[in-house]
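A short write-up of the structure that comes next.
Lettering of chains follows the sequences in order, A, B, ..., and the numbering in each one begins at 1. Heavy atoms only: backbone and side chains are in, while hydrogens, waters and symmetry mates are out.
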Amino acid sequence: MSAFHADIGFELGMTDILPEPTDIVGPAIDSGELVAWFGAAQRPLPWRQPGVSAWQILVSEFMLQQTPVSRVEPIWLDWIARWPTPSATAAAGPADVLRAWGKLGYPRRAKRLHECAVTIAAEHDDVVPDDVDTLLTLPGVGAYTARAVACFAYGKRVPVVDTNVRRVLSRAVHGRDEAPARARDLDDVAALLPDDDVVAQRFSAALMELGAIVCTARAPKCGLCPLSSCGWRAAGYPTRDPADAPARKVQKYAGTDRQVRGRLLDVLRASATPVTRGALDVAWLSDTAQRDRALHSLLVDGLVEQTPDGLFALAGEGEPQEARANRRR
DNA sequence: ATCCGGGCTA
DNA sequence: TAGCCCGGAT
């Protein structure tokens, strides 16, 4: 078995076990000063308010995958008012879910969130699981989201590693301004986690918040940083060596299949009834092969479906959903 | 025009 | 581990 597979085995099987030795060489992060800063500086995000349920926190984490807070906030507020529980979400049709997702982007997330709601309602008694290994079995829940829910919704002392945390650790602890994902990231953070459950939860939230509003990727506000000790500052803010670490490729958007998919979904979201192929075709005229490819991928992803008479609609649009059945009674 | 981000598949 | 998925901000 390769080292790669050995690492995966470790990660899946021992997620709650404590740290292997890491290669942390820089100063540890002072949890006291970080958590104190968090208490004063954190943004008042709606999913951090008291009384927000585990499901509602999970919904926020789905929406925050790849998407900035400012765009998520209004959608999340409407969403949880409309579908406050997994079973309420499951009872909605996938098409309504896709519409409510609006233009948040990556609509496969909306579909997975709906599938996740169906699974939790059907197999977990409408209660979001509280352990990482069970959370990882849910559709759309990966290493980050599983630990974020375990930590922020249930107060579990588990390392939560997103791109913000990775960047803060890379700078403050390792003294480098680069943060490629590594198999040891989880161990690195586990090693820094305060012993107390409650403090550990605050510490993880604070680490993410620091990366989000101070230790930002492009223009870090080091003047506002609460850390008295930072390896990156100590090293003189070194920049990445372009020779051994070429800048990561930036994903294009304009003119890509992704943009075409967005245009096609716009048409379907706007229509309460199935549309003709022609109505979709006019949404992208410049490259017909690309348009066909995009439509095909939406069908494969299960976001769009074709009706028996050859029209196109959002997935599940015509299905008899439980909610509609109830309304008819 | 470039930046930003987690899950999944192959 | 590379490459795909979105759209708004800057």
Side-chain angles (χ1 to χ4, degrees), chain A residues 2-8 11-12 57-75 98-99 101-116 119 132 135-152 159-168 170 177-186 208-209 211-213 215-221 240 245-269 283-284 290 293-304:
Chain A
S2 71
F4 175 75
H5 285 105
D7 284 349
I8 292 297
E11 184 184 331
L12 291 180
I57 288 173
L58 186 150
V59 171
S60 77
E61 294 296 348
F62 262 78
M63 292 181 174
L64 289 163
Q65 293 168 2
Q66 310 298 289
T67 307
V69 163
S70 61
R71 289 175 54 208
V72 166
E73 241 180 293
I75 308 275
L98 232 29
R99 279 208 181 78
W101 192 259
K103 296 179 80 67
L104 270 188
Y106 294 116
R108 285 190 299 190
R109 289 182 294 162
K111 184 154 198 303
R112 289 180 188 140
L113 179 56
H114 186 254
E115 291 163 0
C116 190
T119 304
V132 171
L135 284 161
L136 283 170
T137 67
L138 298 171
V141 175
Y144 164 75
T145 306
R147 289 172 180 80
V149 170
C151 176
F152 303 135
V160 182
V161 181
D162 73 345
T163 187
N164 286 316
V165 171
R166 210 166 269 130
R167 185 174 56 251
V168 171
S170 172
D177 188 18
E178 52 182 318
R182 301 181 314 152
R184 295 170 92 168
D185 287 341
L186 283 174
M208 291 180 57
E209 191 74 346
I213 67 182
C215 195
T216 53
R218 206 167 21 152
K221 303 171 181 65
R240 197 165 26 79
R248 74 189 165 93
K249 257 186 278 200
V250 176
Q251 198 184 182
K252 293 194 305 290
Y253 177 61
T256 62
D257 288 6
R258 285 159 46 218
Q259 187 181 23
V260 185
R261 283 163 58 101
R263 292 287 176 83
L264 296 177
L265 280 184
D266 282 343
V267 172
L268 295 168
R269 269 194 300 262
W284 193 262
Q290 184 181 36
R293 191 166 62 238
L295 177 56
H296 183 253
S297 74
L298 289 169
L299 289 162
V300 169
D301 286 346
L303 297 170
V304 172

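We find that CZ of A/Arg147 is positioned 13 Å from C1' of B/dG6, with the value rounded to whole Å. At whole-Å resolution of the value, CH2 in A/Trp101 and C1' in C/dC5 are 12 Å apart. Computed from coordinates, the A/Ile213 CD1 to B/dC4 P distance equals 17 Å when rounded to whole Å. The CD atom of A/Gln259 sits 16 Å away from the C1' atom of C/dC4 (whole-angstrom rounding). For the pair A/Arg269 CZ and C/dG7 C1', the interatomic distance rounds to 11 Å; values are reported in whole Å. Separating the CG atom of A/Asn164 from the C1' atom of B/dC4 is a distance of 10 Å, rounded to the nearest angstrom. One interatomic measurement links the two molecules: CG of A/Leu303 to C1' of C/dC5, which rounds to 10 Å at whole-angstrom precision. Atom CG in A/Leu64 sits about 17 Å away from atom P in B/dC4, given to the nearest Å.
In terms of the salt bridge (charged side-chain N to carboxylate O under 4.0 Å, His left out) criterion, residue partners of A/Glu209 (sequence neighbours excluded) are, by chain and number, A/Arg43, A/Arg48. For A/Arg109, there are no salt bridge (charged side-chain N to carboxylate O under 4.0 Å, His left out) partners at least two apart in sequence or on another chain. With sequence neighbours left out, A/Arg293 forms a salt bridge (charged side-chain N to carboxylate O under 4.0 Å, His left out) with A/Asp257. Listed by chain and number, the residues in a ring-ring contact (aromatic ring centres under 6.0 Å, His included) with A/Trp284 amount to none (sequence neighbours excluded). In this structure, the salt bridge (charged side-chain N to carboxylate O under 4.0 Å, His left out) partners of A/Arg108, at least two apart in sequence or on a different chain, are A/Asp301. For A/Ile75, the side chain to side chain contact (heavy atoms under 4.5 Å, CB included) partners are A/Met63, A/Trp79, A/Leu104, not counting sequence neighbours. In this structure, the side chain to side chain contact (heavy atoms under 4.5 Å, CB included) partners of A/Cys215, at least two apart in sequence or on a different chain, are A/Val168, A/Arg171, A/Leu210.
Among the protein residues, A/Asp301 comes within range of no part of the nucleic acid, since none of its heavy atoms lies under 4.0 Å from any strand.
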Check nucleotides 8-10 of chain C against the protein and report each pair of N or O atoms closer than 3.5 Å, with its distance, or say if there are none.
none

Protein and nucleotides 7-10 of chain B: nitrogen or oxygen contacts under 3.5 angstrom:
from  : atom 1 : to       : atom 2 : distance (Å)
B/dG7 : OP1    : A/Gly142 : N      : 2.9
B/dG7 : OP1    : A/Thr145 : N      : 3.0
B/dG7 : OP1    : A/Thr145 : OG1    : 2.6
B/dG7 : OP2    : A/Tyr144 : N      : 3.1
B/dC8 : OP1    : A/Gly140 : N      : 2.6

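The side chain of A/Asp162 approaches B/dG6 more closely than any other nucleotide in the set B/dG6, C/dC5, C/dG7. For A/Ala217, counting side-chain heavy atoms from C-beta on, the closest listed nucleotide (B/dC4, B/dG6, C/dG7) is B/dC4.
With hydrogens and angles ignored, the 3.5 Å screen pairs a side-chain donor or acceptor of A/Arg269 with a backbone N or O of A/Gly102.
Residues A/Tyr144 and A/Gln65 have side chains that never bring a donor and an acceptor to within less than 3.5 angstrom of each other.
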